[in-house]
Amino acid sequence: MLDYLARRRERVRSAWALTDEIVLVGAGEPISIPGGADQTYPFASHAEFFWLTDVECPGGVIAFDPLSGWTDFAPAVTESERVWEGKRDTPGTPLPELAGWLAARRGRECVTLGVPLPGMPPAAPRAAELRAALDHARRPKDAVELERMRRAAAATAAGFAVAERLIRPGVSEREIQIELEAEFFRRGGDGAAYGTIVGAGSNSGVLHFKPTARTIGNGDVVLIDAGAEVRRYASDVTRTWQAPGGDPGLFRDLYRVVLEVEERAVRRCKPGTEWRDVHLQAALELTAGLVELDILRGEPAALVERDAHALFFPHGIGHLVGLGVRDASGYLPGRVRSDRPGLKNLRTDLPLEPGYVITVEPGLYFIPPLLNDAARRAQHRDAVNWSRVDKLLEFGGIRIEDDVHVTDGPPEVLTAAVPKALPESSIAA
């Protein structure tokens with residue numbers, strides 16, 4: 001077994017501290033596309049399985065017995081799969097032997113993680129506890145993971161460089177997506193780590209926007225949130241520009257607020273720092289910027305306490321990233337998600353540790369479904385300069401995002417090669 005896999009498995013064994021329970025982690029099976037004849041959706045092994053095995057193995061299972069250790073079970077590759085798909089055998093014990101392995105341990109509690117296995121009983125009482133321990137073990141990235149993430153970041157930087165050159169009136173969101181993702185492939189990426197976001201004009205204020213045929217207009221805000229992946233490890237970057245031909249005044253002012261908040265938040269990514277505190281401090285600083293621009297009115301701390309900032313900053317400051325775009329994010333055991341508008345979308349709530357890779361992504365948006373809501377307008381009638389906001393409902397939004405590796409020293413910005421300084425040339429009339 002490869003040394004890094006042995007170290008991962010030992011980390012999990014120690015975290016679980018089991019004495020008698022056995023654990024099965026399923027990779028999952030390909031899912032057929034309805035009406036698609038023999039077609040399936042692209043397959044990816046469950047992240048828990050992949051982290052422990054580093055292989056894509058449809059139908060695979062890794063089993064753990066605290067008395068005998070780890071056993072990898074892999075299904076046989078059929079002749080049809082060899083002929084039509086070029087599949088090769090995955091090293092491991094033949095999957096049919098799993099039945100005998102389980103029979104020899106009959107009467108012991110069996111916990112299933114990953115993708116549930118056909119015919120297995122419902123999740124055991126300890127499943128949530130063991131999954132939380134596995135998530136925590138997966139959070140610090142090892143050298144192999146970081147190497148893949150740096151390669152993904154390099155491919156991402158190349159893609160963004162191509163995309164930036166396309167930001168001009170008449171170019172469509174989809175054209176940018178095509179060239180961006182093509183460059184990911186050219187520079188060593190295996191593809192896009194998640195659905196690429198390209199939003200022009202008001203579309204830049206839609207948090208998870210899918211690119212369309214809409215073309216960029218004069219002075220439009222253009223937001224791109226995208227990242228390449230390498231061997232399942234993701235990069236997650238957002239940059240925002242203003243196309244030539246418009247008044248750069250408000251864009252420049254808002255961009256500077258977001259950029260300064262982002263850079264300060266990056267510097268706070270140190271071991272022991274509570275992520276919720278990073279989020280709340282960013283919310284306070286964004287709010288102060290909106291007060292200076294006469295968009296919000298009042299004392300910034302009081303505005304954050306009443307969640308007025310969530311009208312313009314409705315998401316969390318960031319999330320863990322790695323094996324997938326939100327890898328092992330979540331809350332420290334015992335913590336629960338808040339129902340406050342300013343905190344309910346915080347995906348991560350735990351203290352940072354060395355080895356974590358986390359996104360830092362503050363943003364300011366003018367989102368009509370939030371800002372046109374009558375109840376919110378009544379609640380914040382004295383906190384918002386509504387006459388000004390009403391003129392900005394088509395502005396869109398600005399977000400700046402980097403992937404930050406927490407170390408024992410200064411934070412390492414894995415995505416530092418993607419420029420984020422205010423690009424004067426791209427906002428000139």
Side-chain angles (χ1 to χ4, degrees), residues 167 169 199-207 209 214 216-223 238-262 264-265 279-317 340-343 345 361-401 422-424 426-429:
I167 296 174
S202 59
N203 292 344
S204 64
V206 181
L207 300 178
F209 188 77
R214 173 174 175 164
I216 298 171
N218 290 334
D220 272 355
V221 175
V222 180
L223 183 151
T238 308
R239 294 292 186 265
T240 313
W241 300 264
Q242 185 181 32
D247 181 358
L250 178 62
F251 176 85
R252 183 184 287 117
D253 291 340
L254 288 170
Y255 191 97
R256 284 177 176 145
V257 170
V258 176
L259 179 60
E260 290 172 4
V261 170
E262 199 253 5
R264 284 192 290 265
H279 171 78
L280 289 173
Q281 184 61 35
L284 180 63
E285 294 169 357
L286 289 169
T287 301
L290 291 176
V291 169
E292 290 181 7
L293 296 173
D294 195 29
I295 292 170
L296 282 172
R297 290 174 170 174
E299 198 277 319
L303 291 168
V304 171
E305 183 62 29
R306 61 188 287 193
D307 293 315
H309 68 286
L311 293 169
F312 306 95
F313 175 45
H315 58 75
I317 187 64
R340 283 182 51 186
L343 286 171
N345 292 321
E361 49 180 306
L364 290 173
Y365 317 85
F366 296 87
I367 304 175
L370 294 179
L371 297 172
N372 284 331
D373 178 71
R376 291 185 178 91
R377 287 199 170 224
Q379 180 184 357
H380 299 294
R381 58 185 176 275
D382 60 335
V384 177
N385 182 352
W386 289 108
S387 63
R388 185 167 195 207
V389 165
D390 286 341
K391 298 174 183 177
L392 298 173
L393 292 177
E394 296 298 312
F395 177 91
I398 296 171
R399 180 166 65 253
I400 304 172
E401 174 184 23
L422 191 63
E424 296 295 335
S426 72
I427 63 170

**Report entry** Member of L286, L364, I400, T287 meeting the side-chain contact (heavy atoms from CB on, under 4.5 Å) criterion with V261
**Finding:**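 It is L286; the other options fail the test.
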Query - CD-OG1 distance between E401 and T238, expressed to the nearest 0.5 angstrom - result: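 That separation rounds to 3.5 Å.
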Query - Distance (rounded to the nearest 0.5 Å) between R388 CZ and L293 CG - result: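 One gets 6.5 Å once the value is rounded to the nearest 0.5 Å.
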Within the side chain of [X], is there an N or O that forms a donor-acceptor pair under 3.5 Å with the backbone of [Y]?
{"X": "D307", "Y": "A310", "answer": "no"}
{"X": "W386", "Y": "H380", "answer": "yes"}
{"X": "N345", "Y": "P314", "answer": "yes"}
{"X": "R214", "Y": "G199", "answer": "no"}
{"X": "R306", "Y": "Q379", "answer": "yes"}
{"X": "N385", "Y": "L296", "answer": "no"}
{"X": "H279", "Y": "G316", "answer": "no"}
{"X": "D220", "Y": "V222", "answer": "no"}
{"X": "R376", "Y": "L371", "answer": "no"}
{"X": "R381", "Y": "A378", "answer": "yes"}

Report task. Given side-chain contact (heavy atoms from CB on, under 4.5 Å), test D253 with E292 step by step and report yes or no. Result -> CA-CA 10 Å; D253 291 340; E292 290 181 7; over 6 Å; no
Query raised in the report: Under 6.0 Å from the CD atom of E305, do we count more than 12 heavy atoms belonging to anything else shown?
Result: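 12 or below, so no.
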Report task. Test R399 against L223 for side-chain contact (heavy atoms from CB on, under 4.5 Å), laying out the working first. Result -> CA-CA 7 Å; R399 180 166 65 253; L223 183 151; 3.5 Å; yes
Query raised in the report: With the threshold set at 4.0 Å, does a side-chain nitrogen-carboxylate oxygen contact exist between D247 and R252?
Result: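 Looking at R252 together with D247, the answer is no, because their closest N to O distance does not fall below 4.0 Å.
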Specify the closest pair of heavy atoms between [X] and [Y], including all atoms of both residues, with the distance to one decimal.
{"X": "L422", "Y": "L259", "result": "N-CD2, 4.4 Å"}
{"X": "S204", "Y": "V221", "result": "OG-CG1, 3.6 Å"}
{"X": "L392", "Y": "L250", "result": "CD2-CD2, 3.4 Å"}

**Report entry** Candidate list F312, Y255, F366, test ring-ring contact (aromatic ring centres under 6.0 Å, His included), partner F395, passing option
**Finding:**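 Among F312, Y255, F366, the one that satisfies the ring-ring contact (aromatic ring centres under 6.0 Å, His included) with F395 is F366.
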Requested in this report: Any chance you could lay out the side-chain contact (heavy atoms from CB on, under 4.5 Å) test for V257 and E260, step after step, and finish with the verdict?
Outcome: CA-CA 5 Å; V257 170; E260 290 172 4; 5.9 Å; no
Query raised in the report: Under 30°, 30 to 60°, or over 60°: which ring-plane class applies to F313 and H315, parallel, tilted or perpendicular?
Result: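 F313 and H315: perpendicular rings.
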